[in-house]
Protein chains: 2
Amino acid sequence: MTYTIGKVARIAHVSVRTLHYYDAIGLLNPSYETPSGYRLYVDSDLELLQQVLFFRSLGFPLGQIKAIVQSPAFDRRKALEAHRTALLERRKAVEALLAAVGHTIEAMDKGETMDTTTMFDAFDERALEEHRTKYADEAKQRWGTTDAYVESQRRTSKHTKEDWKRIQQEGAEIREGLATLMDHSPTDRDVQTLVKRFHEYMSTNFYACSLEMLSGLGDMYVSDPRFTATYDKVRPGLATFLRDAIKIYCTGNAT
Amino acid sequence: MTYTIGKVARIAHVSVRTLHYYDAIGLLNPSYETPSGYRLYVDSDLELLQQVLFFRSLGFPLGQIKAIVQSPAFDRRKALEAHRTALLERRKAVEALLAAVGHTIEAMDKGETMDTTTMFDAFDERALEEHRTKYADEAKQRWGTTDAYVESQRRTSKHTKEDWKRIQQEGAEIREGLATLMDHSPTDRDVQTLVKRFHEYMSTNFYACSLEMLSGLGDMYVSDPRFTATYDKVRPGLATFLRDAIKIYCTGNAT
DNA sequence: CATATACCATGACGTTGCGTCATAGTCAAG
DNA sequence: CTTGACTATGACGCAACGTCATGGTATATG
């Protein structure tokens with residue numbers, strides 16, 4: 001019993017184009033063809049197609065499916081586990097996006113409007129939020145408390161629209177100040193004074209910031225593109241400069 | 001102050017190619033260019049780029065980003081909500097894949113091997129599982145019990161490798177039998193006898209199957225491509241035929 | 001001032017899995 | 001013999017760039 005391409009399409013509920021494509025990429029070549037060049041599929045072809053569709057339904061890319069169905073020795077079990085891992089990562093990625101969108105909506109509720117500057121804020125604030133949560137999690141694990149978390153919640157959620165404008169203003173001032181001092185060494189007295197102000201600024205407006213957290217924040221300014229961009233836009237290299245200055249500040253103030 | 005494309009790329013941490021692309025699609029056109037055709041970006045361009053990257057980081061497609069950043073009147077809030085909905089769907093899709101992969105791995109553990117026939121089983125079993133769970137959920141909602149679920153778990157998880165071979169064998173027999181009777185009416189006595197056997201087969205080997213559930217199963221054989229393919233491969237039109245026969249069986253046996 | 005080097009431009013192909021024409025040959029029925 | 005249903009190949013389109021390839025430009029240096 002042989003089937004023309006259209007019949008196969010109807011039986012398996014795929015489009016003719018799909019079968020054309022699978023033939024073209026060598027995933028499923030019909031066993032026979034008529035003198036006039038029509039594709040003819042047989043039962044074993046249909047079974048192979050079922051397998052293909054099965055793995056497709058699990059989200060495997062066609063390239064892998066080809067490897068899986070065409071070599072019986074292929075370790076399907078391992079492929080499935082690996083695929084599961086990949087899917088878990090995909091889910092994590094989507095969840096990160098969801099969190100980001102959620103934070104943005106929140107930020108909009110606070111600011112009501114969305115001009116250029118609040119944009120930046122929302123952008124940076126997301127990174128900041130992640131940083132804080134990360135530390136809060138670690139703190140929770142180490143000390144079994146959620147105090148830091150609770151406290152920080154209190155601090156950022158109480159800000160009014162006016163507050164935000166002021167906070168953002170002061171942040172810009174600090175950045176500008178640092179930018180004009182970039183020709184000096186990060187150890188420079190004036191620079192260190194600004195870092196101190198930055199530390200207080202963070203602690204006052206965002207969340208109680210230990211020296212350790214501040215240090216981590218400095219690293220993030222260099223490693224997280226969201227922050228780096230904001231700082232480097234004021235003056236290229238500013239992010240790195242601030243991180244170095246923070247490191248020195250933290251070392252100098254360590255108990 | 002103007003920036004060449006390379007500088008912008010470094011500041012914003014994107015590739016030159018990306019800026020080329022954004023220029024090409026009209027998402028971000030530099031404000032000036034040198035006599036020799038070099039792109040020159042100004043500060044306002046950088047700010048626009050920041051906005052673009054912001055929305056990109058939320059997972060928006062560039063086409064939408066273009067609309068968002070280029071018309072100030074655009075309702076960003078609504079766009080965000082809509083995007084959130086889309087992300088939720090994406091997460092659901094990934095989770096469905098994860099469940100499917102999980103089921104397959106389980107099925108492999110049961111069968112230890114993965115020949116052609118167990119493949120089908122895993123394929124169909126997934127659909128079956130979804131159907132059962134759906135009904136279990138509804139049952140839970142209606143009667144506040146999880147009995148159906150628990151019972152089915154007991155029923156399917158107790159099968160040995162031998163059992164599965166037998167079950168699969170009987171399933172094939174029923175399908176074959178129905179296929180040879182397809183020229184008759186679905187109301188035919190022999191057909192109805194086979195449907196009864198099918199009902200018992202399902203109840204014995206899978207889960208207690210009320211007439212209502214059986215009827216739903218019949219619908220699924222036509223609407224869910226995973227089942228339809230399995231049945232139509234035996235003989236095209238078999239899925240529909242079985243559904244019709246099931247309907248009649250259910251009507252005839254209704255209390 | 002000529003050259004080496006770093007930076008810029010445009011063009012085009014590759015990626016993933018098909019959908020969607022466009023053009024043209026083939027087959028069975030009336 | 002015509003018509004309509006079906007088939008074939010070929011090629012563009014989509015999303016968001018990465019990655020050459022080819023060639024002009026700006027700048028620092030010997």
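We name chains A, B, ... by the order of the sequence lines, and we start the count at 1 in each one. Since we're looking at a predicted model, the values are computed, not measured.
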Residue pair D219(A) / K247(A), side-chain heavy-atom distance below 4.5 Å: yes
Nearest-nucleotide 5' precedence on DNA chain D, I5(A) against F60(B): I5(A)
Can you list, by residue number, the residues of residues 17-30 of chain B that have a non-hydrogen atom closer than 4.0 angstrom to DNA chain C? R17(B), H20(B)
What distance separates Y22(A) OH from L28(A) CG, expressed to the nearest 0.5 Å? 9.0 Å
Main chain of P186(B), side chain of D244(B): is a donor-acceptor contact present, judged purely on distance under 3.5 Å? no
Rounding to 0.5 Å, atoms CD1 (I11(A)) and OG1 (T230(B)) come to a distance of 12.0 Å
Each nucleotide N or O in nucleotides 23-25 of chain D that has a protein N or O under 3.5 Å away: list the pair and distance.
{"unit_1": "dG24(D)", "atom_1": "N2", "unit_2": "Y38(B)", "atom_2": "OH", "d": "3.1"}
{"unit_1": "dT25(D)", "atom_1": "O4'", "unit_2": "Y38(B)", "atom_2": "OH", "d": "3.3"}

Verdict with reasoning, L238(A) to M182(A), per side chain to side chain contact (heavy atoms under 4.5 Å, CB included): CA-CA 7 Å; L238(A) 182 55; M182(A) 262 181 67; 3.8 Å; yes
Distance-only, no hydrogens or angles: does the D45(B) side chain make a donor-acceptor pair with backbone N or O of S31(B) under 3.5 Å? yes
Can you give each donor-acceptor pair under 3.5 Å made by side-chain atoms of residues 3-10 of chain A, sequence neighbours left out, with the distance rounded to 0.1 Å?
{"unit_1": "Y3(A)", "atom_1": "OH", "unit_2": "D43(A)", "atom_2": "OD1", "d": "2.8"}

Would you call D183(B) and R235(B) a salt bridge, taking side-chain N to carboxylate O under 4.0 Å as the test? yes
Give me the first and last nucleotide of DNA chain C, going 5' to 3', that has any atom under 4.0 Å from a heavy atom of chain B. dC7(C) to dA12(C)
Mind listing the side-chain donor-acceptor pairs of residues 83-101 of chain A below 3.5 Å, one per line with the distance, residues two or more places apart or on another chain?
{"unit_1": "H83(A)", "atom_1": "NE2", "unit_2": "L58(A)", "atom_2": "O", "d": "2.7"}
{"unit_1": "T85(A)", "atom_1": "OG1", "unit_2": "E81(A)", "atom_2": "O", "d": "3.0"}

Could you give the angle between the helix axes at the two ends of the helix from dC1(C)-dG30(D) to dG30(C)-dC1(D), with five pairs per end, rounded to 10 degrees? 40°
Whole angstroms only, please: what is the CZ-P distance between R39(B) and dA26(D)? 15 Å
Roughly how far, to the nearest 0.5 Å, is the OH atom of Y221(B) from the CZ atom of F241(B)? 14.5 Å
When rounded to the nearest 0.5 angstrom, what is the spacing between NZ in K233(A) and CG in L46(B)? 6.0 Å
Out of curiosity, D232(A) CG to T240(A) OG1, how far, rounded to the nearest 0.5 Å? 6.5 Å
Distance, nearest 0.5 Å, that separates OH of Y231(B) from CG of L242(B): 5.5 Å
Is T34(B) touching bases, backbone alone, or none of the nucleic acid, heavy atoms closer than 4.0 Å? nothing
